[in-house]
S.K.: 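My questions will all concern the structure given below.
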Amino acid sequence: MSQTFSGDSGVAEAVKSSDLHPGTGAAFNADDFEPAVRINRFQGLSRPSLSYWSDAWMRPKKNRKATVSLAMVVFLALFTLVGPFLWRIDPSAQDMARISEGPTFAKTAVVIDEAASWTAPELSGIPAAPTASAENLLAPATLEADGVPSSQAVRLKWAPVTGASAYAVYRSETKPSGKVGTSELGVPIGEVDAGNKVGYEDTFNLERSEYFYSIVPKNGEEASKFTTLRVVLPSTIALSAAQALKSDIKVGETLHLSAHPFGTDYLGRDLLSRLMSGARVSLFIGFFAPLVMIFLGIVIGGAAGYTGGRTDNLLMAFADFVLALPFLLFMILFKIAFGVGAGESGIFPMLVAMVILSWPSSARLVRGQILQLRESEFVMASKLLGARPIYLLFRHLLPNTMGVILVSLTFAIPSAIFTEAFLSFIGMGVAPPTPSWGSMCNDGIQTFLTHPHEFLFPAIFISITVLSFNLLGDGLRDALDPRMRSTS
Amino acid sequence: MNNQNSSTPGSTLPKGILEIRNLKKHFEVSKGSFLHAVDGITLSIGKNEVVGLVGESGCGKSTLGRTLVGLYDKSSGEVVYQGEKLPSRYASSDFKKYSREIQMIFQDPYSSLNPRMTVREIIAEGPMIHKLWKSDEVNEKVGFWLKRVGLSADHMSRYAHEFSGGQRQRIGIARALALEPKVIICDEPISALDVSVQAQVVNLLGELKRTMGLTLLFIAHDLSMVRYVSDRMAVMYLGSMVEVGPANEVYFRPLHPYTQSLIASNPEPDPEKERSRTHTVLKGEIPSPINLKPGCRFAGRCPKAMTVCQSVDPVFREVKPGHSTACHLYA
Ligand SMILES: Nc1ncnc2c1ncn2[C@@H]1O[C@H](COP(=O)(O)OP(=O)(O)OP(=O)(O)O)[C@@H](O)[C@H]1O
Ligand SMILES: [Mg+2]
């Protein structure tokens with residue numbers, strides 16, 4: 001073996017000087033090997049040592065993904081816990097005047113008096129039934145809205161046309177070009193049957209914010225000339241409703257309405273405050289179920305793995321049995337067993353069902369890990385040093401299963417959030433009026449085509465939460481694994 | 001038959017500190033079929049003596065070591081430590097009781113240190129379990145043992161993975177030494193290391209033996225290294241002892257054909273001689289240690305096999321003073 005070394009290295013000298021040839025029978029002593037001892041050489045490289053947790057803290061800071069997801073989780077926690085104190089809108093307060101409204105930030109409304117009646121103005125100097133022929137009739141010289149138009153009432157007023165005995169009123173959603181005659185004016189919504197009556201009230205419940213009204217003078221037949229008015233409907237609020245918000249408000253004044261940054265749902269409830277209180281339910285289940293489940297998993301898996309033998313076989317057979325149970329069926333059975341009716345919120349039975357049916361996967365993981373670690377040499381060494389089983393379990397076995405437990409938890413939190421959402425979505429979990437992200441999705445899906453925000457916002461919250469917990473778990477696993485400790 | 005005394009050379013050595021009598025360890029690999037990992041080992045280790053144990057990979061050296069310290073239950077036979085019979089099945093209190101007497105250095109420097117513990121925690125583990133060290137002297141004591149095994153005291157707050165294989169092996173040695181045991185089973189403490197580090201560890205163990213009065217069972221592959229460190233050498237083949245004797249005797253005048261071929265296959269350090277030498281390679285397969293047939297285990301591969309070897313188990317007997325073997329050639 002000595003021929004492979006170059007002559008000037010200390011190792012080669014050591015081998016050369018101490019003749020290992022068996023034939024000589026020379027006795028060796030430790031001094032023969034001394035030149036090879038260069039202990040301090042490869043200890044020159046060193047870095048200041050960090051404690052376990054400070055190092056664990058350093059690493060996710062370097063990992064951008066983990067940092068972003070940590071920020072997200074902190075944001076979610078604040079959103080859920082602090083949000084309701086900042087955004088003080090009652091999540092169950094309904095506002096039927098503002099249902100399925102998209103996101104609004106600074107909304108104002110003009111106060112109108114919906115009770116007041118209106119009569120069309122009648123002019124005295126003009127004959128009610130003149131005799132000009134329909135072709136010679138001119139278009140009304142003016143056309144204007146009387147008062148503040150609202151979705152409840154649009155009041156029109158125009159200048160009389162000499163020779164007209166009646167006026168036809170049309171309403172269109174698009175602007176007429178004025179070239180094709182009266183056929184493009186839209187829906188004929190009414191007729192005024194006197195030439196001196198120059199007003200009309202449209203009390204149809206309007207939905208759009210912009211309409212085109214056209215007035216066509218008539219004398220037996222409709223004239224070919226007409227006048228069109230573009231009416232923009234401002235948002236209005238009835239006087240009685242306005243006075244409930246602000247007592248000294250008068251008709252015609254503008255009122256600042258509460259903003260709904262995320263819009264409202266089909267009952268006019270504020271979506272943001274519902275998302276906040278829904279987060280409480282969703283995250284509570286999303287944390288509580290996995291934590292209890294992992295705890296059960298550690299206890300049962302740890303017991304099975306550590307004791308081994310008969311106990312292990314029994315526990316794992318039981319775990320297999322539980323794993324084979326159908327989840328939905330058991331969900332229904334649990335609801336019945338807990339006496340939860342069809343429309344009631346069954347948060348507790350849902351939690352119990354989720355924990356009882358999901359511990360086997362983590363128990364198996366922990367058990368496998370413990371079984372493997374139990375045979376490892378460092379556990380044997382500790383046993384030889386006189387360690388008791390409890391000490392072995394808590395000092396050696398469980399800390400080394402931490403990685404597996406964390407990974408398991410990483411997957412369990414988003415999956416529990418998802419399960420809750422799914423169950424609430426199909427009506428098996430949290431029932432109205434208690435909001436949860438899943439039941440909000442369920443409400444929103446019905447109006448998805450017309451008001452997508454009602455579905456999208458809770459769905460986005462579910463996705464972001466699931467994603468950030470996954471990323472955080474990833475980062476956490478890297479951070480707590482000493483084998484991944486950076487050497488830089 | 002009085003094997004435990006026959007393997008002690010002469011009467012100069014005191015009665016063995018560790019007496020192994022017909023020790024067996026069988027693993028049940030499937031129902032009714034047993035793997036005879038250790039199959040009737042008898043060996044006496046004297047106080048302050050270094051016994052080298054050699055044998056092919058898989059012959060049961062580690063199993064013997066682990067059975068000796070109680071990590072494996074004994075299938076049969078007994079181990080007597082300083083006149084006291086060790087339990088055949090250790091309870092956790094037995095481990096505590098004997099942990100300050102017999103310790104072990106493990107074969108694999110990578111899996112024998114808990115990755116979640118710092119070097120300080122690893123080395124202080126035993127003394128802390130036994131409440132030997134006060135918490136304010138831990139740093140000082142750990143530093144002492146680290147220096148003793150050639151590491152620096154600054155290393156104590158690092159984790160095991162931050163060390164090289166040789167440095168880890170030293171940490172393992174320091175862990176075993178910190179309880180100041182009387183006997184240490186060294187399970188191939190050097191086979192994972194390169195030659196220069198091997199020399200360091202061997203010198204370290206030799207020095208510790210002298211200064212602390214240790215008794216070592218030194219398990220290894222490398223015959224010349226075993227001869228260098230040990231007073232006596234024991235050769236194992238397929239779970240049983242084939243030859244025990246003074247290290248130089250066994251190395252230069254081996255009795256058993258297996259030992260002879262083992263030593264012949266050991267390369268010579270002189271390249272001239274090594275090149276001109278004819279290598280005799282052992283022919284045949286190592287028999288399976290499961291459900292062994294009667295007769296000498298080595299018979300199938302033995303160049304000097306006789307008809308008697310196929311059917312009769314050879315008796316382990318003293319052939320020369322202090323030099324015993326299990327072979328029909330010397331019957
Ligand atoms: N826990 C176990 N269960 C079943 N068989 C085992 C067990 N441990 C070891 N064996 C078997 O016992 C035999 C001896 O193994 P052992 O580890 O003692 O060998 P060894 O001499 O130390 O080998 P090496 O030099 O490679 O370390 C092998 O055939 C091995 O497969
Ligand atoms: Mg081994």
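The figures that follow rest on heavy atoms only: side chains count, while hydrogens, waters and symmetry mates do not. Keep in mind it's a predicted model, so treat the numbers as computed, not measured. Chain letters run A, B, ... following the sequence lines, proteins first and then strands; every chain starts at 1.
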S.K.: Test your reading of the model: is there a side-chain donor-acceptor pair from B:Gln103 to the backbone of A:Leu384, 3.5 Å cut-off?
M.R.: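 Checked: pair present.
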S.K.: Do the side chain of B:His130 and the main chain of A:Gly386 share a donor and acceptor less than 3.5 angstrom apart?
M.R.: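 Such a contact is absent between B:His130 side chain and A:Gly386 backbone.
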S.K.: Quick one: do B:Met117 and A:His396 satisfy side-chain contact (heavy atoms from CB on, under 4.5 Å)? Show the steps, please.
M.R.: CA-CA 9 Å; B:Met117 285 164 78; A:His396 291 286; 3.4 Å; yes
S.K.: Supply the atom-to-atom distance A:Met380 CE to B:Met104 CE, rounded to the nearest 0.5 angstrom.
M.R.: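 It comes to 8.0 Å.
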S.K.: Should we say atom CZ of B:Phe144 is surrounded by more than 12 heavy atoms from elsewhere, each under 6.0 Å from it?
M.R.: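 Enclosed: over 12 neighbouring heavy atoms sit under 6.0 Å from CZ of B:Phe144.
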S.K.: Could you tell me whether B:Glu121 and A:Arg395 make a salt bridge, using a distance below 4.0 angstrom between a side-chain N and a carboxylate O?
M.R.: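 Between A:Arg395 and B:Glu121 there is a salt bridge, with a charged N closer than 4.0 Å to a carboxylate O.
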S.K.: Most heavy-atom pairs under 4.5 angstrom with chain A, which of B:Ile122, B:Asn114, B:Ile129?
M.R.: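 Greatest number of close heavy-atom pairs with chain A: B:Asn114.
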S.K.: Under a 4.5 Å heavy-atom cutoff, which of B:Ala176, B:Ser111, B:Gly206 has the most pairs with chain A?
M.R.: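 Going by pairs under 4.5 Å, I would pick B:Ser111.
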S.K.: Heavy atoms only, distances under 4.5 angstrom: which of B:Ser112, B:Gly126, B:Ser92 has the most pairs with chain A? Name it, please.
M.R.: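 Option with the top pair count is B:Ser112.
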S.K.: Measure distances from B:Gln107 to the heavy atoms of chain A and classify the residue's part below 4.5 Å as side chain, backbone, both or neither.
M.R.: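 Both backbone and side chain.
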S.K.: Quick check: are there more than 12 heavy atoms from other residues, nucleotides or ligands sitting under 6.0 Å from OH of A:Tyr391?
M.R.: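 Yes, OH of A:Tyr391 has more than 12 neighbouring heavy atoms, counting only those of other groups under 6.0 Å.
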S.K.: Apply side-chain contact (heavy atoms from CB on, under 4.5 Å) to residues B:Glu125 and A:Phe378 and explain how you reach the verdict.
M.R.: CA-CA 11 Å; B:Glu125 186 174 8; A:Phe378 66 81; over 6 Å; no
S.K.: Checking A:Glu377 against B:Arg66 for the side-chain contact (heavy atoms from CB on, under 4.5 Å) test, could you report, in this order, the C-alpha distance in whole Å, the side-chain angles of both residues, the deciding distance, and whether it holds?
M.R.: CA-CA 11 Å; A:Glu377 292 192 337; B:Arg66 288 176 182 187; 2.7 Å; yes
S.K.: Heavy-atom cut-off 4.5 Å, strictly under: side chain, backbone, both or neither for B:Leu113 against chain A?
M.R.: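 Contact with chain A involves the backbone of B:Leu113 alone.
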